[in-house]
Q: 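Here it is, the structure, as structure tokens.
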Amino acid sequence: MTIDYMKLITNINEMRQFSSDAKKAGKSIVFVPTMGCLHEGHASLLKKGRKLGDILVMSIFVNPIQFGPKEDYALYPRDLKKDLALAEVNKVDVVFNPLAEEMYPDNFQTAIEVEKLNNYLCGISRPGHFKGVATVVAKLFNIVKPDIALFGEKDYQQLLIIKKMVQDLNMDVTVVSMPIIREADGLAMSSRNNYLNKDERRAALCLYTALLKGKDMFHNGVTDAQAILQKMRNIIEAEPLAEVDYIKICNVNTLDDLERIADKALLALAVKIGRTRLIDNIILSNE
Ligand code: AMP
């Protein structure tokens, strides 16, 4: 099997058939699931993915079931033409872009819930979100049949949840995680950055400034989580356009709160800038 040009597949059965044929031909499949509106963060996953196997599949699917009723599903930025161009530059073989109606027909009724990891961070502020994520990723894995799938550490809790799902359900896929790609000034790249106006874009930098403050304190010997969290909160609260959802210092595997940082911790936050909710994180480590 050789692919001379990038394929765009919208039909689920066609995607399944493509992947079955590829496997029969002895090819490995690498998969990067996305919601489109691609940026350099996504591109970093594609570049790495291109090196890890024979056939690189990227999905573009804004998954309705991971959005709450008051969230931005309808508004979520979509730009298929631009996304296809970026996919082509990054040597994607297949873009899978299914319709929501085909993914979730009227009588759809199954869900996957990773029960404990769901009860932290974004799982608290966005009830049902990770159930929607786990369910769609499981569906996409069944359709695309990847050997390897790549996910970004930008969505750290999502990454842990996908890894746990794969382990618990004995899914035959290796999950590879990739570091956060940032703008030149440090803002983590995100499709939702498109919502920010000029003032909000400037204000959004407070997330990274707060994370760097936390990192700096840790490397200067502060291990008391509350002391670090308070300084970080002060930075965010000094920004009039920002409103804290959460700022947490937690165990990198379980997401349980830490009172004291021994060797390693996840510093994670979610902040609303105007109407836009942004997340970011950093791993603190002595290793
Ligand atoms: P999304 O389109 O936002 O669902 O993201 C698709 C994948 O790209 C997920 O695995 C994200 O974690 C990853 N991703 C998004 N933004 C970044 C970033 N700034 N750096 C690295 N990976 C990212």
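Indexing begins at 1, ligand by ligand and atom by atom, following the structure's order. Small disclaimer: the values here were computed from a predicted structure and weren't measured. Throughout, residue positions are numbered sequentially from 1 according to the sequence presented.
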Q: Distance under 4.0 Å to a non-hydrogen atom of F151: what atoms of ligand 1 satisfy this?
A: 10 (O)
Q: Any idea which atoms of ligand 1 are less than 4.0 Å away from a heavy-atom of T34?
A: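 Under 4.0 Å from T34, ligand 1 has these atoms: 2 (O), 6 (C).
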Q: So between H42, H39, E40, whose heavy atom ends up nearest atom 16 (N) of ligand 1?
A: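 Closest candidate by heavy-atom distance is H39.
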Q: Run the side-chain hydrogen bond (donor to acceptor under 3.5 Å, both in side chains) check on N281 and E153 step by step: do they pass?
A: CA-CA 8 Å; N281 70 78; E153 287 164 11; over 6 Å; no
Q: Strictly by modelled atom types, are D155 and Q157 linked by a side-chain donor-acceptor pair under 3.5 Å?
A: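 There is no such pair (donor and acceptor under 3.5 Å, judged by atom type) between the side chains of D155 and Q157.
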Q: Taking the basic N atoms (NZ, or NE/NH1/NH2) and the acidic carboxylate oxygens, is any pair closer than 4.0 Å for D147 and K23?
A: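 The answer is yes: the pair qualifies as a salt bridge.
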Q: Using a strict cut-off of 4.0 Å, indicate which atoms of ligand 1 neighbour a heavy atom of D155.
A: 11 (C), 12 (O)
Q: Which atoms of ligand 1 are found less than 4.0 Å from any heavy atom of P179?
A: 20 (N), 21 (C)
Q: When you measure from the centre of the six-membered ring of F141, is the NZ or CZ of R16 closer than 6.0 Å and no more than 45° off the axis?
A: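 So R16 doesn't make the cation-pi contact.
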Q: Between the side chains of D256 and K116, is the shortest nitrogen-to-carboxylate-oxygen separation below 4.0 Å, so that they form an ion pair?
A: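 So K116 does not pair with D256 through a salt bridge.
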Q: Regarding atom 13 (C) of ligand 1: of the candidates S59, G152, A149, C37, which has the closest heavy atom?
A: G152
Q: Closer than 4.0 angstrom: is that true for some heavy atom of P33 and an atom of ligand 1?
A: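 Contact present.
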Q: Less than 3.5 Å apart, which donor and acceptor atoms pair up between the side chains of residues 219-228 and the rest of the protein, not counting sequence neighbours?
A:
| residue | atom | partner | partner atom | Å |
| --- | --- | --- | --- | --- |
| N220 | ND2 | D216 | O | 2.9 |
| T223 | OG1 | R260 | NH1 | 2.9 |
| D224 | OD1 | Q226 | N | 3.3 |

